[in-house]
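A short worksheet on the structure shown next.
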Amino acid sequence: EPEVTQTPSHQVTQMGQEVILRCVPISNHLYFYWYRQILGQKVEFLVSFYNNEISEKSEIFDDQFSVERPDGSNFTLKIRSTKLEDSAMYFCASSEGGRGLGANVLTFGAGSRLTVL
Amino acid sequence: EDKVVQSPLSLVVHEGDTVTLNCSYEVTNFRSLLWYKQEKKAPTFLFMLTSSGIEKKSGRLSSILDKKELSSILNITATQTGDSAIYLCAVGPNAGNMLTFGGGTRLMVKP
């Protein structure tokens with residue numbers, strides 16, 4: 001079954017450092033997403049990406065965050081200068097997109113746990 | 001602000017019991033309600049509901065949406081230890097594909 005793959009599974013970084021989290025979405029999906037889940041809290045939407053540009057973003061997704069699709073398969077989330085409160089599990093997801101019923105069915109990756117010290 | 005609330009927060013049952021998990025929502029634009037199961041890591045898709053009153057079923061799991069009450073339930077019959085997980089409810093909007101998640105129900109099934 002097709003899956004979304006994420007690397008690294010766990011990253012530890014010092015406050016103020018830049019991190020890049022990588023994702024390979026399902027190949028025929030058109031929409032890509034990043035969500036995060038702080039330990040013990042809800043899964044929160046960060047950003048969605050379609051046709052090589054951001055289609056929606058939340059208030060969490062400030063200037064410290066950026067996303068990119070550098071080639072035909074990878075989708076990355078960059079945090080420019082990490083803060084303690086960025087410590088969370090970051091989930092990448094993808095969906096078929098469009099107006100059909102499959103549009104809202106997101107397939108999630110296993111997550112990248114980011115620990116900021 | 002869109003809101004999705006799940007209850008109970010946690011539940012402990014014994015194998016063979018039947019459980020009902022609840023999800024209620026207040027959102028500006030509604031298109032679909034989704035249930036996910038989260039074990040160690042990635043949420044895995046269970047059901048998507050768009051129409052009121054139509055039950056979706058997969059093995060021992062079933063779910064139904066009530067658009068009048070702005071709610072959904074997820075039933076699990078004859079629970080097994082492998083059903084132990086956090087069950088997440090999420091609502092998708094009419095336009096765009098951002099999901100709003102509830103806080104989840106943590107289910108523990110004891111042997």
Side-chain angles (χ1 to χ4, degrees), chain A residues 1-10 23 25-26 29-51 54-61 88-113, chain B residues 1-10 21 23-52 54 56 58 63 65 67 72 85-106:
Chain A
E1 190 168 323
E3 59 180 27
V4 175
T5 56
Q6 289 186 241
T7 54
S9 56
H10 189 193
C23 170
I26 292 173
H29 282 184
L30 301 178
Y31 274 84
F32 315 120
Y33 312 83
W34 285 100
Y35 283 76
R36 80 171 185 192
Q37 188 175 31
I38 295 170
L39 189 64
Q41 296 187 25
K42 292 185 181 186
V43 176
E44 301 173 290
F45 170 76
L46 293 177
V47 65
S48 61
F49 192 86
Y50 171 71
N51 202 25
I54 290 173
S55 53
E56 282 185 277
K57 60 182 182 179
S58 71
E59 288 173 1
I60 304 166
F61 194 86
M89 180 73 90
Y90 288 82
F91 290 109
C92 176
S94 66
S95 70
E96 292 175 6
R99 298 290 177 195
L101 285 177
N104 280 52
V105 179
L106 273 60
T107 302
F108 286 85
S112 292
R113 180 167 295 287
Chain B
E1 186 185 321
D2 292 351
K3 199 160 56 165
V4 178
V5 177
Q6 292 186 244
S7 63
L9 284 177
S10 66
L21 311 183
C23 175
S24 63
Y25 59 90
E26 286 177 36
V27 297
T28 319
N29 290 305
F30 176 87
R31 180 178 189 182
S32 57
L33 185 145
L34 297 92
W35 284 96
Y36 282 85
K37 178 182 182 183
Q38 186 177 25
E39 294 176 269
K40 296 282 187 209
K41 291 186 176 177
T44 52
F45 172 73
L46 294 175
F47 298 112
M48 181 173 71
L49 304 156
T50 55
S51 303
S52 258
I54 298 174
K56 292 273 180 104
S58 175
S63 184
L65 176 67
K67 279 185 175 177
S72 173
I86 297 172
Y87 289 84
L88 299 172
C89 172
V91 173
N94 206 27
N97 292 310
M98 181 189 92
L99 294 181
T100 300
F101 280 84
T105 294
R106 182 182 293 274

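Residue numbering restarts at 1 for every chain, and letters A, B, ... go by the order of the sequence lines.
Considering every non-hydrogen atom in both A/K42 and B/F101, the closest pair reads CD-O, 3.5 Å.
Under a cut-off of 6.0 angstrom, the local environment of NZ in A/K57 is sparse, with at most 12 non-hydrogen atoms contributed by other residues, nucleotides or ligands.
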Could you go through the side-chain contact (heavy atoms from CB on, under 4.5 Å) check for A/Y35 and B/L99 one step at a time? CA-CA 9 Å; A/Y35 283 76; B/L99 294 181; 3.4 Å; yes
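Partners of A/W34 according to the side chain to side chain donor-acceptor pair (under 3.5 Å) rule, which considers only residues two or more places apart in sequence or in another chain, do not exist here.
Heavy atoms closer than 4.5 Å to chain B are found nowhere in A/Q41, neither backbone nor side chain. Only the side chain of B/L88 comes within contact range of chain A, judged by heavy atoms closer than 4.5 Å.
Interface check for chain A: of the options B/G102, B/A90, B/G104, the most heavy-atom pairs under 4.5 Å are formed by B/G102.
Rounded to the nearest 0.5 Å, atoms OG1 (B/T44) and CD (A/E3) are 12.5 Å apart.
Considering only heavy atoms from C-beta on, A/V43 stays 4.5 Å or farther from B/Y36 through its side chain. Looking at B/M98 and A/Y31, their side chains never come closer than 4.5 Å, going by heavy atoms from C-beta outward.
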Using a 3.5 Å cut-off and no angle test, enumerate the donor-acceptor pairs between side-chain atoms of residues 105-113 of chain A and protein atoms at least two apart in sequence or in another chain.
from   : atom 1 : to   : atom 2 : distance (Å)
A/S112 : OG     : A/P8 : O      : 2.6

